[in-house]
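Structure, as structure tokens:
The figures that follow rest on heavy atoms only: side chains count, while hydrogens, waters and symmetry mates do not. For ligands, and for the atoms within them, numbers begin at 1 and follow the listed sequence.
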Amino acid sequence: MARILPVASFDGVVFGATGDLTMRKLLPALFHRFRDRQFPTSSRIIAAARTELDTDAYRVRAEAALRQHVDAASLEAGLLQDFLGLVQYQTVDALGPQGWPELVATLQERPEQVRAFYLATSPELYGPICHRLADHGGLNALSRVVLEKPIGHDLASAQAINNAVGEVLPEKQIFRIDHYLGKETVQNLMALRFANPIFERLWHADTIDHVQITVAETVGVEGRGGYYDRSGALRDMVQNHMLQLLCLLAMESPISLDTDAVRDEKLKVLRALQRVEAHEVNSCTVRGQYAAGAAEGRPVQGYLADLGAPDSLTETFVALKMQVNSWRWAGVPFYLRTGKRLPRKMSEIVVQFRTPPFSIFPRDQHELQPNRLLIRLQPAEGMRLEMMTKEPGPGGLHLKPTGLDISFEKAFGQRYPDAYERLLMDVVRGNTTLFMRRDEVEAAWGWVQPILRGWSERRDAPRPYLAGSWGPSAAIAMIERDGRTWYESTD
Ligand SMILES: NC(=O)C1=CN([C@@H]2O[C@H](COP(=O)(O)OP(=O)(O)OC[C@H]3O[C@@H](n4cnc5c(N)ncnc54)[C@H](OP(=O)(O)O)[C@@H]3O)[C@@H](O)[C@H]2O)C=CC1
Ligand SMILES: O=C1O[C@H](COP(=O)(O)O)[C@@H](O)[C@H](O)[C@H]1O
């Protein structure tokens with residue numbers, strides 16, 4: 001049974017409280033933490049958005065969202081009403097005067113409470129919201145501000161946001177969220193690498209041939225086309241989530257688990273990433289856009305039809321070949337791919353080890369498969385170490401690839417909390433370890449920037465791929481040119 005560490009009483013102010021993220025993720029996450037009694041009932045959830053609503057009307061919306069996004073077994077009637085009793089609504093205009101005095105007056109009723117401001121709005125509003133909070137006296141030493149990703153659209157806009165927020169709050173009160181860092185299996189990468197010396201001894205270029213990171217989704221852009229079309233897969237998934245995964249895989253051991261010790265090591269990886277020059281954009285990156293096809297057994301339309309915009313050049317798939325310039329990783333490519341409308345929802349890391357330098361098994365009878373460590377982030381969370389074993393039987397020596405498997409569900413047999421649950425409680429605790437520091441975000445944008453520039457200079461349309469396929473064939477060609485292949489696990 002997981003240990004629940006209670007947090008202090010807090011006022012959680014959610015800007016963007018009528019939006020998709022709040023309804024689908026934040027309210028359900030808070031509800032689960034309430035259900036486990038992790039926070040005191042003196043806490044308040046102050047929902048803020050532009051729409052004119054009163055608290056009763058907002059509670060009706062919140063209840064509908066919880067009924068949709070929380071499993072029915074967890075929604076005991078009394079508990080749901082108790083939770084909704086903590087919620088109040090305040091109309092606020094981030095860009096105008098409306099609602100600020102009332103919001104701050106509400107906060108001042110409980111000066112001793114932690115104030116957690118969650119900015120679930122578009123990033124252009126982060127600076128204005130923080131400044132209005134400061135101007136109205138809403139910020140104090142117990143305040144923390146959570147910034148959703150993406151922080152900006154490119155390096156310059158990220159710097160502008162960081163400057164604006166940094167003018168009114170010190171770095172230790174700024175929580176740049178990347179929800180992948182809150183996933184249990186992502187946190188387990190630290191345990192895998194630094195609590196198990198057998199792996200750490202093998203974790204370098206002498207032994208590892210290459211690494212693959214795949215984050216595949218079956219969904220299309222759903223209702224988020226307006227945001228997504230200005231973003232695309234590189235900004236939406238790679239600049240943040242996937243680079244963070246790469247950092248955790250590639251970083252050196254931090255000297256401790258202290259917030260800055262971990263973030264310093266991740267930053268070094270981001271700074272060691274080999275820049276993709278304009279002339280390499282074609283060989284090291286592939287952009288795709290889904291066309292009509294199938295998803296989860298039903299026909300689906302293509303991205304352009306989903307969007308209702310026939311000439312969008314936004315990528316819904318990206319594959320990359322990357323290099324970390326360090327002693328540990330010299331010559332070891334990292335292949336990343338992510339996309340919408342792929343055949344399965346799955347996030348997986350494959351660490352492929354080198355094949356034996358010499359085989360005593362006759363080649364015509366035995367094809368030695370390389371050892372691979374598969375780290376399944378979602379679903380079917382777990383790990384598998386693939387190795388060659390002798391097939392039992394008296395008829396000679398036959399080798400077969402088999403796997404040592406760990407299923408986290410079988411090992412721990414408990415519900416996996418959503419990433420936002422853990423991260424929201426860390427905000428209340430004031431623990432920034434699983435959040436991105438300013439220099440990390442800017443280093444990540446700095447690496448992505450030349451690729452964006454290269455793409456925009458070339459003005460190539462993304463390559464179409466059928467919904468339900470693994471992306472454009474160019475992504476397969478990119479890795480196969482190196483004599484390697486994307487690994488597709490069957491479970
Ligand atoms: N949805 C998701 O799954 C994810 C979202 N994100 C990020 O989270 C943020 C929010 O996303 P999402 O919920 O999808 O966005 P939505 O468009 O669904 O919601 C936007 C919210 O912002 C509010 N808002 C807009 N303008 C103002 C304003 N001037 N003053 C006050 N409130 C305003 C809206 O209020 P109103 O409706 O009342 O106008 C609404 O509540 C974005 O930065 C997004 O990139 C990140 C990861 C995943
Ligand atoms: O941040 C985002 O992540 C989701 C995928 O998250 P997951 O936890 O379901 O793997 C993605 O769909 C969305 O486009 C992106 O903004």
Less than 4.0 Å is my threshold; does some heavy atom of Y227 fall inside it relative to ligand 1?
yes

H241 versus ligand 2: do any nitrogen or oxygen atoms come within less than 3.5 Å of each other?
yes

Is there a donor-acceptor contact under 3.5 Å from the side chain of R235 to the main chain of H153?
yes

Aromatic plane relationship, F31 with F83 - under 30° parallel, 30 to 60° tilted, over 60° perpendicular:
perpendicular

Counting from 1 in the order shown, the ligand 2 atoms closer than 4.0 Å to a non-hydrogen atom of H179 are 1 (O), 2 (C), 3 (O), 6 (O), 7 (P), 8 (O)

Heavy atoms only: which of L377, D236, D418 is nearest to atom 16 (O) of ligand 2?
D236

May I ask you to identify the nearest protein heavy atom to atom 10 (O) of ligand 2, giving residue, atom name and distance to one decimal place in Å?
Y180 OH, 2.4 Å

among protein heavy atoms, the one nearest atom 46 (C) of ligand 1 is E148 OE1, 3.2 Å

What is the closest protein heavy atom to atom 21 (C) of ligand 1, and at what distance does it sit?
G16 CA, 3.5 Å

If hydrogens are left out, which of R224, Q98, E222 has an atom nearest to atom 5 (C) of ligand 1, that is, the closest non-hydrogen atom?
R224

From L385 atom CG to I406 atom CD1, the distance as rounded to the nearest 0.5 Å:
9.0 Å

Per-atom contacts, ligand 1 versus R24 - under 4.0 Å to a heavy atom:
1 (N), 2 (C), 3 (O)

Kindly identify the option in M346, E222, K183 whose heavy atom sits closest to atom 8 (O) of ligand 2.
K183

Hey, is R50 touching ligand 1 through its side chain, its backbone, both or neither, going by heavy atoms under 4.0 Å?
both

Which of the numbered atoms in ligand 2 are under 4.0 angstrom from any heavy atom belonging to K345?
7 (P), 9 (O), 10 (O)

Does any N/O atom on E217 come nearer than 3.5 Å to any N/O atom on ligand 2?
yes

Out of T121, D236, N240, I129, who gets a non-hydrogen atom closest to atom 42 (C) of ligand 1?
T121

For ligand 2 and K340, I'd like to know whether there is a polar contact (N/O to N/O, distance under 3.5 Å).
yes

Do F317 and Y465 make the cut of ring centroids closer than 6.0 angstrom?
yes

Donor-acceptor pair, distance only, cut-off 3.5 Å: does the side chain of R372 make one with the backbone of V351?
no

Looking only at distance, does G19 have an N or O less than 3.5 Å from an N or O of ligand 1?
yes

Quick check: L21 and ligand 1, any N/O pair under 3.5 Å apart?
yes

Out of all atoms in ligand 1, which are within 4.0 Å of some heavy atom of A17? Include the element for each.
41 (O)

Give me the residue, atom name and distance of the protein heavy atom closest to atom 7 (C) of ligand 1.
K149 O, 3.3 Å

Over 60° means perpendicular and under 30° means parallel, so classify the ring planes of H179 and H241, tilted if in between.
perpendicular

Mark up the atoms of ligand 1 that fall under 4.0 Å of a heavy atom belonging to L125, in ascending order.
26 (N), 27 (C), 28 (C)

Show the numbers, then the answer: is there a side-chain hydrogen bond (donor to acceptor under 3.5 Å, both in side chains) between N163 and R438?
CA-CA 10 Å; N163 286 340; R438 173 180 184 154; 2.7 Å; yes

Considering only protein heavy atoms, which is closest to atom 30 (N) of ligand 1, and at what distance to one decimal place?
A94 N, 2.8 Å

Evaluating non-hydrogen atoms only, which member of V14, D20, T22 is closest to atom 1 (N) of ligand 1?
D20

Please check if the side chain of R341 supplies one atom and the backbone of T218 the other of a donor-acceptor pair under 3.5 Å.
yes

Looking at P150, which atoms of ligand 1 are within less than 4.0 Å of one of its heavy atoms?
45 (O)

Quick one: which ligand 1 atoms are inside 4.0 Å of a heavy atom on D93?
28 (C), 29 (N), 30 (N)

Any heavy atom of Y126 sitting closer than 4.0 Å to ligand 1?
yes

Could you walk me through whether K340 and D236 pass the side-chain contact (heavy atoms from CB on, under 4.5 Å) test, one step at a time?
CA-CA 11 Å; K340 304 247 180 227; D236 186 50; 4.3 Å; yes

List the steps and the verdict of side-chain hydrogen bond (donor to acceptor under 3.5 Å, both in side chains) for E386 and Y487.
CA-CA 12 Å; E386 293 201 337; Y487 182 81; 2.6 Å; yes

Give the residue, atom name and distance (to 0.1 Å) of the protein heavy atom nearest atom 37 (O) of ligand 1.
T18 OG1, 2.8 Å

R271 NZ/CZ over W447 ring centroid, <6.0 Å and within 45° of normal:
no

Counting each atom of ligand 1 from 1 as listed, which ones have a heavy atom of V92 under 4.0 Å away?
30 (N), 31 (C)

Does any donor atom in the side chain of N162 or R176 lie under 3.5 Å from an acceptor atom in the other side chain?
yes

Kindly assign one of parallel, tilted or perpendicular to the pair Y335 and H210, based on the angle between their ring planes and the thresholds 30° and 60°.
perpendicular

Given Q378, R224, R235, identify the one with the heavy atom nearest to atom 13 (C) of ligand 2.
R224

Sidechain-backbone polar pair: T106 side chain, E102 backbone, donor-acceptor under 3.5 Å:
yes

Please check if atom NZ in K172 has more than 12 non-hydrogen atoms from other residues, nucleotides or ligands closer than 6.0 Å.
no

